[in-house]
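Side-chain atoms are counted along with the backbone in the values below, which use heavy atoms only and exclude waters and symmetry mates.
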Amino acid sequence: QVQLVESGGGLVQAGASLRVSCAASGGTFSNYAAGWFRQGPGREREFVGGISRGGARTTYADSVKGRFTISRDNAKNTVYLQMNSLKPEDTAVYYCAIREAVWGSPNPKDYAYWGQGTQVTVSS
């Protein structure tokens, strides 16, 4: 059974940077594309970005494009979300998810495995 564990969330001021990690266990990580999602207070879960299983291709939501970067290290079974120039509206619980496919997907229903989430709070 695949398990995902996020880490690295926290409280930062607007304009700061933060890196969130997602470590996988129990499967062949390189078989899975990964996605990051977030859910802010009173909001639907939304797609942040995704990365192909080999790491060569990434896609991002318009709201984070140019500020966030997704990467992965298949040797460490870990995917990362680097967040720069954070804004108060980035405040949310951030989730990683994986799907057994080449490419990521913006649809959360396409993902089989999810982490527990990590809180990111950006103060103004």
Side-chain angles (χ1 to χ4, degrees):
Q1 182 71 10
V2 176
Q3 292 188 323
L4 303 175
V5 178
E6 295 103 336
S7 60
L11 171 64
V12 296
Q13 291 189 328
S17 298
L18 198 63
R19 190 177 80 162
V20 180
S21 301
C22 174
S25 62
T28 303
F29 186 61
S30 59
N31 287 347
Y32 296 88
W36 284 97
F37 293 80
R38 67 185 181 185
Q39 188 165 14
R43 301 181 68 175
E44 299 276 327
R45 187 168 298 191
E46 65 172 343
F47 176 71
V48 174
I51 188 166
S52 60
R53 65 184 184 187
R57 175 174 169 173
T58 54
T59 58
Y60 300 94
D62 288 343
S63 58
V64 306
K65 200 171 293 183
R67 300 188 298 121
F68 290 12
T69 302
I70 297 172
S71 61
R72 64 189 294 162
D73 185 340
N74 285 346
K76 295 182 178 180
N77 292 347
T78 302
V79 60
Y80 304 97
L81 176 64
Q82 176 68 44
M83 301 180 284
N84 299 329
S85 302
L86 282 160
K87 304 175 181 180
E89 52 263 43
D90 294 319
T91 295
V93 177
Y94 283 73
Y95 300 88
C96 67
I98 60 174
R99 62 191 295 251
E100 196 164 8
V102 175
W103 312 115
S105 167
N107 187 347
K109 294 181 180 179
D110 289 338
Y111 291 83
Y113 303 101
W114 290 80
Q116 83 286 355
T118 186
Q119 177 70 46
V120 172
T121 303
V122 185
S123 64
S124 57

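Of all heavy-atom pairs between Trp103 and Ser52, the closest is CE3-CB, 3.7 Å. Residues Trp114 and Pro108 come closest through the heavy atom pair CZ2-O, 3.4 Å. Nearest approach of Arg38 to Asp90, heavy atoms of both residues: NH1-OD1, 2.9 Å. The nearest pair of heavy atoms linking Phe37 to Asn107 is CZ-C, 4.3 Å. Here the shortest heavy-atom pairing between Leu4 and Ala24 reads CD2-CB, 3.5 Å. Closest heavy-atom contact between Met83 and Val120: CE-CG2, 3.9 Å.
For the atom pair CZ of Arg99 and CG of Asn31, the computed distance is 13.0 Å after rounding to the nearest 0.5 Å. Distance check: Ser63 OG to Glu46 CD gives 5.0 Å after rounding to the nearest 0.5 Å. Rounded to the nearest 0.5 angstrom, Arg72 CZ and Cys22 SG are separated by 9.5 Å. In this structure, the separation between OG on Ser25 and CG on Asn77 is 8.0 Å, given to the nearest 0.5 Å. How far OG of Ser17 is from CD of Gln82: 5.5 Å, rounded to the nearest 0.5 Å. Atom CG in Asn84 sits 6.5 Å away from atom OG1 in Thr69 (nearest 0.5 Å).
In this structure Thr78 satisfies the side-chain contact (heavy atoms from CB on, under 4.5 Å) test together with Ser21, Ala23, Lys76, Tyr80, sequence neighbours excluded.
Taking 4.5 Å as the limit, some side-chain heavy atom of Ile98 sits within range of a side-chain heavy atom of Val2. Counting heavy atoms from C-beta on, the side chains of Val5 and Gln116 come closer than 4.5 Å. The closest side-chain heavy-atom distance from Trp36 to Ile70 is below 4.5 Å. You'll find the side chain of Phe68 reaches within 4.5 Å of the side chain of Leu81, heavy atoms only.
The closest donor-acceptor contact from the side chain of Arg67 to the backbone of Ser85 lies under 3.5 Å. For Asn74 (side chain) and Arg53 (main-chain N/O), a donor-acceptor pair under 3.5 Å exists by modelled atom type. Remark: the backbone N or O of Glu6 is not paired with any side-chain donor or acceptor of Tyr94 at under 3.5 angstrom.
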- [ ] For the pair Asp110 and Ser105, evaluate side-chain hydrogen bond (donor to acceptor under 3.5 Å, both in side chains) and give the outcome as yes or no after the intermediate values.
- [x] CA-CA 7 Å; Asp110 289 338; Ser105 167; 2.5 Å; yes
TODO: Begin from the C-alpha positions of Lys65 and Asp62 and carry the test salt bridge (Lys or Arg N to Asp or Glu O under 4.0 Å) through to its verdict.
DONE: CA-CA 5 Å; Lys65 200 171 293 183; Asp62 288 343; 3.2 Å; yes
TODO: Report the C-alpha separation of Glu89 and Thr91 in whole Å, then their side-chain angles, then the decisive distance to 0.1 Å, and conclude whether the side-chain hydrogen bond (donor to acceptor under 3.5 Å, both in side chains) test is met.
DONE: CA-CA 5 Å; Glu89 52 263 43; Thr91 295; over 6 Å; no
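Note: the hydrophobic cluster containing Leu86 also contains Val20 (ILVMFWY, side chain heavy atoms under 4.5 Å, direct or indirect links). Note: the hydrophobic cluster containing Tyr113 also contains Val48 (ILVMFWY, side chain heavy atoms under 4.5 Å, direct or indirect links).
Under the 6.0 Å distance and 45° angle rule, Arg45 counts as a cation-pi partner of Tyr95.
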